[in-house]
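In what follows, chains are A, B, ... by sequence order, proteins preceding strands, each numbered from 1.
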Amino acid sequence: MRWTRAFIPTLKEDPADAEVVSHRLMVRAGLLRQVARGIYSYLPLCQRVILKIDEIVRQELERIGAIELMLPILHPAELWRETGRWDLYGPLMMRLADRHDRQYALGPTHEEVVTDLVRHEVRSYRQLPLSLYQIQTKFRDEIRPRFGVMRGREFTMKDAYSFHADEVSLDATYGEFREAYSRIFTRCGLAFRDVEASAGEIGGDVNHEFMVLVDTGESVVFSCPSCGYAASSGRAEAARVAHEPPAGRDAKPLEEVATPGKTTVEEVSELLARDPSEFVKTLLFQMDGRTVAVLVRGDREIDEEKLGRALAVDRVEMAGSERVREVTGADVGFAGPHGLPKDVRVVADYSLAGRGNLVAGANRTGFHVTGLEIGRDVEPEDWIDAVRLVGGDPCPRCGTALDETRGIEVGHIFKLGTKYSEPMGATFLDEDGTQKPFLMGCYGLGITRVVAAAIEQNHDENGIVWPTAIAPYEVEIIPLNMDSARVVEAAERIYEECRAEGLEALLDDRADRAGSKFADADLVGIPWRIVVGDRGLESGMVEVARRSARKDMARFSPEEAVQHVRANVIRERRGGASEPKSG
RNA sequence: CGGGGCGUGGCGCAGUCUGGUAGCGCACCUGCUUUGGGAGCAGGGGGUCGCCGGUUCGAAUCCGGCCGCCCCGACCA
């Protein structure tokens, strides 16, 4: 391709509305333009990258026997009503009505649609297992789209769904997808990590996220440097310690102290000169119509996702200030665990286990209590793990201090079981002659997110450094002076030869000066570069350089240059370990 | 939705406080010179100052409303 025909609108300056590197570079290098909040046009260079990632995904999924198909984007409401998700999914789903006022959604995910297809077409266990996938645009009306393509409202996703007659088969396929994902991300040049995760809206219990570890990532990952345990923040477990009641200890009596106007742990901590870790934070939640008091150590936070899972409820909400007043008889900020109404369920987080002589709200406006003992003054119905971990917390498996890192979630795989097949009546006839609901798995991979993640991990101060396997072009030919007939002629010949050798070549045939061509070449990040100038041609030479190591420039004759690049590109095309990594 | 910020040629910004002829850099067009890391000179084109309303002799500037975009929190591939 010739640059003058390629539509690569590069920018000299950083766009004002882009914060993270990948977003900035995608806009500057002419890959991306915003149309509206969370909605983008992918320009030709970006489309080439996407197609390469698609191809890697296809190869690896075909390899494990998954079959590509295309499901509709427009989904009738009835299908979503069958699983109850028409209401559950909430405002995250883009909805619209047709001319007959029938309701539709723009598909945010496709469990209902594939399950509908399979229940109509698959009758027997003999047709199982079955893995179907598509690469398609998804729509989610995100609360806050951000970081460019990282969280868009419209984005490209590869989603796969597997159907099984039994657990053994589901487990096997789940494992195959897990391996396929590892191969895909490795080939895309990503350093990633798969971690235990929480299932969110999709459902199912066993699931893993694939995280690309970068500081700008939106997700938080905890990993154990010694035993290999790794989990995302909504899933990561705290070490569980049994609580010992105060009997053997020399416990102090429960006493009220005046703390007028001091409603936060920090304020009371300062007033009483007690460390926040000696406090009980009493948080009131509303779940399934019931009020639950959740007790957590004063210096820690509750993770609502973990809380919901620990108590097996779909939705947890903080209780409103009126409800708090009703339950505690005090203003917000003075809730304590003791003497709450009997209909309030009290649960304690393990962060409080083993703690005594605690400070808590007195359930009386303007007062707190000291000397509180769990087991004496309050008996929690359950001990649960709902705390939000922080780096340095002990590993739940081996006790080593956990590392906290940030990551971009590029893939998420789930064992769904019969969560969708059962309500939708999707059954098959098993070997023993009985109708059974399909066991299902589902496997998501954010294609456009992979593009952003790849840039986050492969760039320098001058621009993108594409891994060859997903680079928009493999080699860029730069004639330094378009007014020099022999430079142009040599560059054209090299360009033609590259193409004849099957290399994806970009010829910068713009009449610009050398400096701006180099700057754009760095920005756009094509892995190999052949520079043609009068100076070198004097002695019949051109220069070959890698984008990732510009200093290692080498001189070759034009023919040798093409062969040198070709040999390297062929080796690098498949991606993976041979790629040097930066960032 | 809560909190913070921004909206002025294609891009990046100044001008707004203190109302008075819309400006700078880059990009773009023409010509000459230049040609190995974002060239120089000369000439030129392009802006309802986000939108609607108000105040005023006069509004980019003051007031009110609306819209859009970015950042921080809950959501997720």
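Base pairing of B:U18: no nucleotide in any strand meets the Watson-Crick or G-U wobble criterion (both distances under 3.5 Å). Across all strands shown, B:G7 pairs with B:C67; the Watson-Crick or G-U wobble distances both stay below 3.5 Å. Pairing partner, B:G37: none, since no Watson-Crick or wobble contact has both distances short of 3.5 Å. Nucleotide B:A27 forms a pair with no other nucleotide shown, judged by Watson-Crick or G-U wobble geometry with both contacts under 3.5 Å. For B:A59, there is no paired nucleotide, since no Watson-Crick or G-U wobble pair has both relevant distances below 3.5 Å. Pair check for B:G73 finds B:C1; Watson-Crick or G-U wobble, both atom distances under 3.5 Å. The partner of B:C49, taking Watson-Crick or G-U wobble pairs whose two distances both stay under 3.5 Å, does not exist in any strand shown.
Between A:Phe518 and B:G36, no base-stacking contact is recorded for ring centres under 5.5 Å apart and planes less than 30° from parallel.
In this model, no donor atom of one side chain and acceptor atom of the other lie less than 3.5 Å apart for A:Gln134 and A:Tyr161.
Enclosure of atom CD in A:Glu301 is not indicated, since only 12 or fewer non-hydrogen atoms of other residues, nucleotides or ligands lie within 6.0 angstrom. Atom CG of A:Asp215 sits in a sparse spot, with 12 or fewer heavy atoms from other residues, nucleotides or ligands closer than 6.0 Å.
In this structure, A:Arg140 contributes its side chain and A:Pro108 its backbone to a donor-acceptor pair below 3.5 Å. Side chain of A:Arg406 to backbone of A:Val221: no donor-acceptor contact under 3.5 angstrom is found.
Within the 4.0 angstrom heavy-atom criterion, base atoms lie near A:Glu543. Base contact: A:Arg28 has a heavy atom under 4.0 Å from a base atom. Residue A:Gly148 is classed as having no contact, given no heavy-atom separation below 4.0 Å to the nucleic acid. Residue contacts for A:Ala18: at a heavy-atom cut-off of 4.0 Å it reaches no nucleic acid atom on any strand shown. At a threshold of 4.0 angstrom between heavy atoms, the contacts of A:Ala519 include nucleobase atoms, whether or not backbone atoms are also involved. Base contact: A:Gly533 has a heavy atom under 4.0 Å from a base atom. Among the atoms of the strands shown, only primed sugar atoms or phosphate atoms (P, OP1, OP2) are found under 4.0 Å from some heavy atom of A:Phe147. Contacts of A:Asp520 with the nucleic acid, taken as non-hydrogen atoms under 4.0 Å apart, include base atoms.
In this entry the distance linking CZ of A:Arg144 with C1' of B:C1 reads 13 Å, nearest Å. In this structure, A:Asp508 places its CG atom 15 Å from P of B:G38, rounding to the nearest Å. Nucleotide B:G38 holds its P atom 16 Å from the CD atom of A:Glu13, rounded to whole Å. Taking atom CD1 of A:Ile143 as the reference point, atom C1' of B:C71 lies 16 Å away to the nearest angstrom. A:Arg513 has its CZ atom 12 Å from the P atom of B:A27, to the nearest Å. In this structure, A:Glu305 places its CD atom 10 Å from C1' of B:C76, rounding to the nearest Å. We find that CG of A:Leu92 is positioned 10 Å from P of B:A77, with the value rounded to whole Å. Note: CZ (A:Arg37) to C1' (B:G7) measures 15 Å, nearest angstrom.
Nearer the 5' end of RNA chain B, as judged by each residue's closest nucleotide, is the contact made by A:Arg510, out of A:Arg510 and A:Thr448. Each of A:Ala36 and A:Leu537 has a nearest nucleotide on RNA chain B; the 5'-most of these lies closest to A:Leu537.
When the C1' atom is compared between B:C32 and B:U18, the two are found 47 Å apart, to the nearest whole Å. Comparing B:G9 with B:G25, their C1' atoms sit 13 Å apart, to the nearest whole Å. B:G3 and B:C66 have their P atoms separated by 14 Å, given to the nearest Å. Spacing of P atoms, B:C70 relative to B:C11, comes out at 15 Å, to the nearest Å. Comparing B:A27 with B:C63, their P atoms are spaced 38 Å from each other, to the whole Å. To the nearest whole angstrom, the two C1' atoms, one in B:A74 and one in B:G7, are 27 Å apart. B:G40 and B:A59 have their C1' atoms separated by 41 Å, given to the nearest Å. Rounded to the nearest Å, the gap between the C1' atom of B:G38 and that of B:U34 is 15 Å.
Ionic pairing of A:Arg300 and A:Asp393 is present here: one or more N-O contacts between side-chain nitrogen and carboxylate oxygen are shorter than 4.0 angstrom. Residues A:Asp349 and A:Arg297 are not paired through a salt bridge, judged by the lack of any N-O separation under 4.0 Å between the basic side chain and the carboxylate. Comment: A:Lys419 does not engage A:Glu111 in a salt bridge, judged by the lack of any side-chain N to carboxylate O separation of less than 4.0 angstrom.
When distances run from any side-chain atom of A:Asp17 to the nucleotides B:A77, B:C70, B:G37, the shortest one goes to B:C70.
Taking the six-membered ring where tryptophan is involved, the planes of A:Phe210 and A:Phe192 are tilted, since the angle between them lies from 30° to 60°. The aromatic rings of A:His75 and A:His110 sit perpendicular, their planes meeting at an angle over 60°, well past the 30° parallel limit.
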**OP:** I would like to know whether A:Asp54 and A:Lys158 meet salt bridge (charged side-chain N to carboxylate O under 4.0 Å, His left out); could you show each step before the answer?
**Re:** CA-CA 8 Å; A:Asp54 288 354; A:Lys158 185 287 300 174; over 6 Å; no
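Residue A:Lys12 places none of its side-chain N or O atoms closer than 4.0 Å to OP1 or OP2 of B:C11. One finds no side-chain N or O of A:Gln34 lying less than 4.0 angstrom from the OP1 or OP2 phosphate oxygen of B:G68. Regarding contacts with the backbone of B:C69, every side-chain N or O of A:Arg146 stays at 4.0 angstrom or more from both OP1 and OP2.
With hydrogens and angles left out, the side chain of A:Arg140 and the base of B:C76 share no donor-acceptor pair within 3.5 Å. For B:C76, the base has a donor-acceptor partner in the side chain of A:Arg449 [N/O atoms by modelled type, under 3.5 angstrom].
For the segment residues 477-493 of chain A, residues with any heavy atom less than 4.0 angstrom from an atom of RNA chain B are, sorted by number, A:Leu480, A:Asn481, A:Asp483.
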